[in-house]
Amino acid sequence: LVRDLSPIPGQQGPCVELTRELMIWIFSDYLGASGGIETYLHALSRHLKAKGIPFRVAVCEMTPCPYVDELVRDGILVYRQKRVPGDRWSIRQRLLSRHVLKRLTTGDWIFCIRQPREEIFETLVNSAHLRGAKVAASWMLTPDTLPIKSKWMESFRRAVRATDAVVSV
């Protein structure tokens with residue numbers, strides 16, 4: 001997309017800025033082979049594609065997910081973070097977050113289709129906000145009833161408060 005902007009002070013004539021439509025990143029830092037979240041991801045992706053809404057999918061599959069395979073076959077752009085050493089320290093989830101965050105621009109949304117792991121959630125939200133993007137999260141349970149490790153509780157609470165939208169399913 002190209003749009004004309006008013007002249008910049010001290011510059012002659014209009015300037016042209018290249019822009020793009022906002023992007024929705026469907027994000028899941030933990031995905032199994034099948035279940036409610038995987039079905040939700042599949043249905044939402046199919047719906048967005050049918051409506052022509054720009055989106056990408058970024059996931060960490062704990063096991064191969066046939067629903068994600070089908071999305072790829074249908075031409076939907078999916079980033080799959082591969083297993084790496086250090087999974088017990090959430091390295092894979094941090095790499096997934098980094099992949100998405102590097103591609104965000106102002107106005108984009110990250111939609112967490114399940115609650116993100118407590119180790120990465122605050123960094124994900126704060127980093128998205130620094131780039132002018134927003135974060136939505138879908139909660140299976142209310143955040144105060146989730147089993148969060150005590151060392152991450154305050155960080156998780158701050159991230160929940162900073163989340164821009166909550167989607168109830």
Side-chain angles (χ1 to χ4, degrees), residues 20 22-45 47-48 53-69 71-72 76-169:
R20 71 165 174 79
L22 71 87
M23 181 68 61
I24 299 171
W25 287 87
I26 302 174
F27 181 92
S28 181
D29 63 358
Y30 190 97
L31 204 63
S34 64
I37 297 300
E38 295 75 14
T39 304
Y40 182 23
L41 168 73
H42 185 266
L44 179 60
S45 297
H47 175 76
L48 293 173
I53 298 171
F55 75 100
R56 301 287 181 269
V57 175
V59 297
C60 283
E61 292 173 289
M62 298 302 120
T63 60
C65 179
Y67 291 118
V68 175
D69 295 338
L71 296 177
V72 171
I76 293 172
L77 296 176
V78 176
Y79 175 78
R80 291 169 143 156
Q81 179 57 56
K82 296 182 185 334
R83 181 176 282 283
V84 295
D87 264 3
R88 67 179 167 172
W89 297 293
S90 302
I91 300 296
R92 184 174 8 176
Q93 287 74 18
R94 294 176 201 283
L95 290 171
L96 177 70
S97 296
R98 187 171 162 198
H99 173 84
V100 172
L101 291 166
K102 284 174 50 177
R103 288 155 179 80
L104 288 178
T105 61
T106 301
D108 286 353
W109 279 86
I110 299 173
F111 177 45
C112 304
I113 60 168
R114 66 176 295 283
Q115 70 277 359
R117 292 182 59 163
E118 59 265 28
E119 298 92 334
I120 68 160
F121 192 25
E122 186 176 28
T123 301
L124 180 70
V125 172
N126 291 342
S127 298
H129 288 163
L130 285 173
R131 289 163 176 78
K134 297 192 178 204
V135 178
S138 179
W139 301 100
M140 149 180 85
L141 302 168
T142 60
D144 58 330
T145 62
L146 291 170
I148 305 301
K149 296 175 193 140
S150 60
K151 80 179 208 175
W152 295 106
M153 185 57 77
E154 284 309 309
S155 170
F156 187 78
R157 286 179 178 155
R158 286 190 301 269
V160 169
R161 283 191 299 271
T163 299
D164 300 288
V166 175
V167 179
S168 179
V169 293

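Quick caveat: nothing in here was measured; it's all calculated off a predicted structure.
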**Report entry** F121 side, atom CZ; Q115 side, atom CD - distance, nearest 0.5 Å
**Finding:** 9.0 Å

Query raised in the report: SG/C65 to CG/L31 distance, rounded to the nearest 0.5 angstrom?
Result: 4.5 Å

Query - Interatomic spacing from CG in L44 to CD1 in I37 - rounded to 0.5 Å - result: 11.0 Å

Query raised in the report: Looking at residues at least two apart in the chain, or sitting in another chain, which of them share a ring-ring contact (aromatic ring centres under 6.0 Å, His included) with F27?
Result: none

Report summary line: Contacts of Q81 meeting side chain to side chain contact (heavy atoms under 4.5 Å, CB included) (sequence neighbours excluded), chain-then-number -> C60, Y79, V84, R92, L95, L96

Query raised in the report: L22 and G107: which non-hydrogen atoms are nearest, and at how many Å?
Result: CB-O, 3.6 Å

Requested in this report: Taking the side chain as every heavy atom from C-beta outward, state whether L41 and Y67 have any atom pair closer than 4.5 Å.
Outcome: no

Report task. Start with the C-alpha gap between T123 and I120, add the side-chain angles, then the distance that decides, and say whether side chain to side chain contact (heavy atoms under 4.5 Å, CB included) holds. Result -> CA-CA 6 Å; T123 301; I120 68 160; 5.7 Å; no

Query raised in the report: Who are the salt bridge (Lys or Arg N to Asp or Glu O under 4.0 Å) partners of R131, not counting sequence neighbours?
Result: none

Report task. Taking E118 for its side chain and S155 for its backbone only, find out whether a donor-acceptor pair lies under 3.5 Å. Result -> no

Report summary line: All heavy atoms of L101 vs all of A128, minimum pair found to be CD2-N, 3.6 Å

Query raised in the report: N126: what forms a side chain to side chain contact (heavy atoms under 4.5 Å, CB included) with it, not counting sequence neighbours?
Result: E122

Report task. Can you sort out the partners of F55 under ring-ring contact (aromatic ring centres under 6.0 Å, His included), two or more places apart, ordered by chain and number? Result -> none

Query raised in the report: What pairs with L77 under side chain to side chain contact (heavy atoms under 4.5 Å, CB included), at least two apart in sequence or on another chain?
Result: R56

Requested in this report: Please identify each residue that fulfils salt bridge (Lys or Arg N to Asp or Glu O under 4.0 Å) with R114, with sequence neighbours left out.
Outcome: D29

Query raised in the report: How long is the gap from CG on L124 to CD on Q93, to the nearest 0.5 Å?
Result: 11.5 Å

Query raised in the report: Can you tell me how far CD1 of I53 sits from CD1 of I24, rounded to the nearest 0.5 angstrom?
Result: 5.5 Å

Query raised in the report: Looking at Y40 and S138, what are the two nearest heavy atoms and their distance?
Result: CE2-OG, 3.7 Å

Query raised in the report: Short question: side chain of D108, backbone of M23 - any donor-acceptor pair under 3.5 Å?
Result: yes

Query raised in the report: Do the side chains of R157 and M153 get nearer than 4.5 Å, heavy atoms only?
Result: yes

Query raised in the report: Could you give the distance from CD1 (I76) to CG (L48), rounded to the nearest 0.5 Å?
Result: 8.5 Å

Requested in this report: Go through the steps to decide whether R103 and H99 satisfy the test side chain to side chain contact (heavy atoms under 4.5 Å, CB included), and finish with yes or no.
Outcome: CA-CA 7 Å; R103 288 155 179 80; H99 173 84; 3.2 Å; yes

Query raised in the report: Residues in salt bridge (Lys or Arg N to Asp or Glu O under 4.0 Å) with D164, at least two apart?
Result: none

Query raised in the report: Under 4.5 Å between any side-chain heavy atoms of R98 and R94, yes or no?
Result: no

Requested in this report: Please identify each residue that fulfils salt bridge (Lys or Arg N to Asp or Glu O under 4.0 Å) with R117, with sequence neighbours left out.
Outcome: E119

Requested in this report: Work out which heavy atom in T63 is nearest to a heavy atom in A33; give both atom names and the distance.
Outcome: OG1-N, 3.2 Å

Report summary line: Hits for side chain to side chain contact (heavy atoms under 4.5 Å, CB included) against P66, two or more places apart or cross-chain, chain-then-number order -> none

Query raised in the report: Under 3.5 Å, is there a donor-acceptor pair between the side chain of S28 and the main chain of I113?
Result: no

